[in-house]
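Encoded as structure tokens, the structure appears first; notes follow it.
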Amino acid sequence: MADAVKAVLLFWALRLCIQAAFANPVSRFSVSSDKLVDLSHTFDRTTVYWPTLADNETFRLTTIEDETQSDGVSYRIKFYEAAEHGGTHLDAPSHFSKIGLSVEKIPLDKLMGPAVIIDVREKAARNLDYQVTVQDAYDWEKKYGRIPNGAFVFMNSGWDAFWPDKKKIFNFDNSTGVETYHFPAFHPNTTAFLVFQRYISGLGVDTPSTDYGQAAVFKTHEILANNSAVGFENVKNLGKLASVGAHVIAIPIKITDGTGAPLGLIGINP
Ligand SMILES: *[C@@H]1O[C@H](CO)[C@@H](O)[C@H](O)[C@H]1NC(C)=O
Ligand SMILES: *[C@@H]1O[C@H](CO)[C@@H](O)[C@H](O)[C@H]1NC(C)=O
Ligand SMILES: *[C@@H]1O[C@H](CO)[C@@H](O)[C@H](O)[C@H]1NC(C)=O
Ligand SMILES: *[C@@H]1O[C@H](CO)[C@@H](O)[C@H](O)[C@H]1NC(C)=O
């Protein structure tokens, strides 16, 4: 083994011994790692954006500096640019409402809460244009109890398995022909039921939009925006979250005046 590697190992071994000997009291906030679920896709050139965006409007990462100094220290910094709405992202109320809150103004308590997972994987596999129904929500409640106030209701359609294959995600004949898109989402009636009768804080989907691919008007977006609720789109790993009893914490980049933003979304299983 190279001496440098030995030195590093020795350093960490010593450090761990010292930490163990002088351990601080255990923090009261602790979540065991096997309960944590990463619900966000990574961001890079393959990240899926709305197909009508120009190439220069998706994700770009360029190197500003990448140098190794004479003392061996390396210094690196990059520049990125991206549209707000792409990859795993948040829809702020301002996306579909002039008076709706922009990203940086959404209160933190409206970005965390109980998660409700509605599994429509079989229905969506049979019907690319599936829209989650009010009955689906009632069926969930029959099994698991009433949807809690302030919940985030997620559609698990299994679509994250197609990531980042744009053709399979949008099922288009023609990538810029929006009328040819096919993917599942929430029916606006279901959104209205969840917002007005269950007082949810937001909806989440593992597809590119909370309104389905064939939508010509975006009623689910309007209902969410008009009522200060948020949307999470292109969410992943919903199959790893318990159907009931889990919580989510959403951490969008706080873009001032942003209508949406790339999103870190953390799931915590019960
Ligand atoms: C992308 O390029 C097109 C065509 O050159 C241009 O009209 C548009 O403004 C550019 N978009 C951005 C965000 O730079
Ligand atoms: C794709 O659809 C767009 C919008 O409907 C249309 O303008 C364009 O001509 C279509 N392209 C092809 C190759 O069919
Ligand atoms: C949605 O609600 C409207 C108004 O109540 C009703 O006419 C329509 O049949 C509903 N559609 C579905 C698919 O539930
Ligand atoms: C949302 O609010 C706007 C502005 O008040 C209104 O025109 C629109 O019909 C509303 N949309 C829905 C689905 O309620």
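Just follow the structure's listing: the first ligand is 1, and inside any ligand the first atom is 1.
Sorted by first and then second residue, the ring-ring contact (aromatic ring centres under 6.0 Å, His included) pairs with a member in residues 184-210 read Y138-F193; sequence neighbours excluded.
For ligand 2 and E179, the ligand atoms under 4.0 Å from any heavy atom of the residue are 5 (O). Atoms of ligand 1 found under 4.0 Å from any heavy atom of N56 (numbered from 1 in listed order, with element): 1 (C), 2 (O), 3 (C), 8 (C), 10 (C), 11 (N), 12 (C), 14 (O). Less than 4.0 angstrom separates some heavy atom of N174 from each of these atoms of ligand 2: 1 (C), 2 (O), 3 (C), 8 (C), 10 (C), 11 (N), 12 (C), 14 (O).
Taking the six-membered ring for Trp and the full ring otherwise, F170 and F183 have centroids separated by under 6.0 Å.
In this structure, the ring-ring contact (aromatic ring centres under 6.0 Å, His included) partners of F162, at least two apart in sequence or on a different chain, are W159. Taking H221 as the reference, H95, F96, F218 meet the ring-ring contact (aromatic ring centres under 6.0 Å, His included) condition, with sequence neighbours excluded.
Protein residues with a heavy atom under 4.0 Å from ligand 3 are H187, N189.
Under a 4.0 Å N-O distance rule, the pair E141/R198 qualifies as a salt bridge.
Taking every heavy atom of both residues into account, G86 and T47 meet most closely at C-CG2, 4.2 Å.
Looking at T133, its side chain does come within 3.5 Å of a backbone N or O of D136 through a donor-acceptor pair.
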